[in-house]
Amino acid sequence: MSVVEIRGIKKHFGDVRAVDGVDLSVHKGELLVLLGPSGCGKTTLLRMIAGLEQPTGGDILIGDEVVTNLPPRARHIAMVFQSYALYPHMTVFDNIAFPLKARGIPKEERRAKVENAAGLLAIESLLHRKPRQLSGGQRQRVALARAMVRSPRVMLLDEPLSNLDAQQRASARDELQQFQRQMGITTIFVTHDQIEAMGLGDRIVVMHDGQMRQVGTPQEVYYDSADTFVATFLGSPGINLVHRADYILGFRPEHFLPKDVLAADEEKCVSFTYDVTRIEYLGADRLLYGNLVGIPSDVKTMSRLPTTVPVTVEAGQQYEFVIREQDLRFFDHTTGKRTAPREIGE
Ligand code: ATP
């Protein structure tokens, strides 16, 4: 069942097509991530769902009701911004209670809801503090508590973790996911960080230039990318793209391995002579940069080789590297879209 239905939604600012015809169904209880580079239109799409931006065309339905022309407060959604937008002069308790007070909820009921939310997010001991006396992660939890006390139909999150350092982000991601699952609130989460998207999303919408390139589970968008944009945007390093006469061959660095490593495998492989030019040691993995002998290319072909694989590789040497046929991807030369597999000629 879909909770949010987006039909042909558009937002043009003069000549800028910020969002240019997006169709999307958000399922009940799922955590859907809108992912894409800066300027691809993800915040504008989120703001249109929230009612903070009026679409140029198309419709938005929340729970089967067309809300396209309704103001934000009539949509029963909650939004958490990057800045959290907490009121600095109010205590944590009053910040969380604020939306309930604004709706005229009686005092006792307010207290019960705030305490319940604070309990779920483990911030009971912080209720008397002011926002400036909190860490970034604690502020995020307060903003989430304030969003959830309203029992929204949908929670909209715009890069809520971007103020946290790398370590805090990992634990905040974990907390957010647990909280979202526990509450079962349908959630739309905006980020430009593909690792965050892959780790957090039940499904990911990859956007580019105001359009939706692909929607799918993290596994689908990563392993079965719909086009070269999605394939390159996901993964670090991204997919290798080798331009042949009339198609583009794609394979992920972790699938491009020395022949000896895959030799025991029954599956069919294609093989290349790989001229390794540079090696980076990353601890768990070795990142290899090099060229495919006989196939000119402007960019290096990369291999990600776990250090636990006991093979010696040195820069300046050539090796036989292989890819399982099942891990090869083919893309159209002109459109960049995924195409059917084909025979690889020399
Ligand atoms: P970021 O990750 O940088 O926030 P984004 O993917 O969220 O990017 P949007 O903020 O939705 O992108 O912007 C999409 C495009 O629309 C951009 O080219 C932006 O400059 C443009 N845009 C957004 N808001 C306005 C506005 N009020 N007036 C004119 N152009 C705008």
Side-chain angles (χ1 to χ4, degrees), residues 4-26 31-60 62 67-69 71-72 75 77-85 136 139-140 143-144 147 154-166 168-169 172-173 176 186-201 203-216 218 221-222 225-236 238 336:
V4 181
E5 190 82 28
I6 293 164
R7 296 184 184 158
I9 208 78
K10 287 183 185 164
K11 180 70 191 182
H12 297 172
F13 297 103
D15 291 343
V16 180
R17 294 166 178 254
V19 175
D20 203 19
V22 168
D23 292 284
L24 182 64
S25 291
V26 188
L31 198 164
L32 184 85
V33 177
L34 302 182
L35 172 71
S38 182
C40 72
K42 47 199 189 301
T43 297
T44 304
L45 180 56
L46 198 74
R47 286 173 58 82
M48 287 194 284
I49 300 169
L52 299 169
E53 206 79 70
Q54 187 60 32
T56 312
D59 268 318
I60 296 172
I62 299 181
V67 300
T68 321
N69 296 312
R75 298 189 180 200
I77 45 103
M79 189 152 173
V80 176
F81 298 93
Q82 184 178 344
S83 62
Y84 308 141
R139 274 182 217 152
Q140 186 222 358
L144 283 173
V154 188
M155 193 152 70
L156 307 176
L157 307 175
D158 191 1
E159 308 234 8
L161 310 184
S162 56
N163 292 329
L164 308 178
D165 66 34
Q168 284 176 323
R169 277 173 91 118
R173 212 151 61 204
L176 179 67
T186 308
T187 302
I188 307 178
F189 184 104
V190 161
T191 183
H192 62 269
D193 180 341
Q194 48 117 0
I195 295 176
E196 198 158 278
M198 296 286 287
L200 209 47
R203 289 191 304 152
I204 299 175
V205 177
V206 184
M207 291 184 65
H208 180 53
D209 277 350
Q211 295 183 339
M212 202 171 81
R213 289 299 190 100
Q214 188 172 9
V215 52
V221 291
Y222 186 82
S225 307
D227 59 29
T228 49
F229 174 80
V230 177
T232 346
F233 194 71
L234 294 167
S236 178

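Both ligands and their constituent atoms are indexed starting at 1 by order of listing. As the structure is a prediction and not an experimental result, all values here were calculated from the model.
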Among all protein heavy atoms, pick the one closest to atom 3 (O) of ligand 1 and tell me residue, atom and distance.
Ser38 OG, 2.6 Å

Minimal heavy-atom distance between Asn69 and Gln54, with the atoms involved, is OD1-NE2, 2.9 Å

among protein heavy atoms, the one nearest atom 16 (O) of ligand 1 is Ala18 CB, 3.2 Å

With rounding to the nearest 0.5 angstrom, report the CG to CG distance, Leu32 to Leu200.
11.0 Å

Verify the contact flag for atom 20 (O) of ligand 1, where contact means a protein heavy atom under 4.0 Å away.
no

In Å and rounded to the nearest 0.5 Å, what is the OG1 to CD1 distance from Thr68 to Ile6?
10.5 Å

Taking atom CD of Glu5 and atom CD1 of Ile60, what is their separation to the nearest 0.5 Å?
11.0 Å

If you round to the nearest 0.5 Å, how far is CE of Met207 from NZ of Lys42?
8.0 Å

Is there a nitrogen or oxygen of Phe13 sitting under 3.5 Å from a nitrogen or oxygen of ligand 1?
no

Could you grab the distance from atom CG of Leu156 to atom CE of Met79, nearest 0.5 Å is fine?
6.0 Å

Would you kindly specify which portion of Thr43 sits under 4.0 Å from ligand 1, judged on non-hydrogen atoms: side chain, backbone, both or neither?
both

Find all atoms of ligand 1 within a distance of less than 4.0 Å from any non-hydrogen atom belonging to Val16, and give their numbers and elements.
16 (O), 18 (O), 21 (C)

From atom 2 (O) of ligand 1, work out which of Lys42, Arg47, Glu53, Met48 has a heavy atom at the shortest distance.
Lys42

Atoms of ligand 1 under 4.0 Å from any heavy atom of Pro37, numbered from 1 in the order shown, are 6 (O)

Which of the numbered atoms in ligand 1 are under 4.0 angstrom from any heavy atom belonging to Thr44?
9 (P), 11 (O), 13 (O)

Non-hydrogen side-chain atoms of Pro55 and Met48 separated by less than 4.5 Å
yes

For Cys40 and ligand 1, does the shortest N/O to N/O distance drop below 3.5 Å?
yes

Protein heavy atom at shortest distance from atom 14 (C) of ligand 1
Gly39 O, 3.4 Å

Nearest 0.5 Å, what's the CD-OG1 distance between Glu159 and Thr43?
6.5 Å

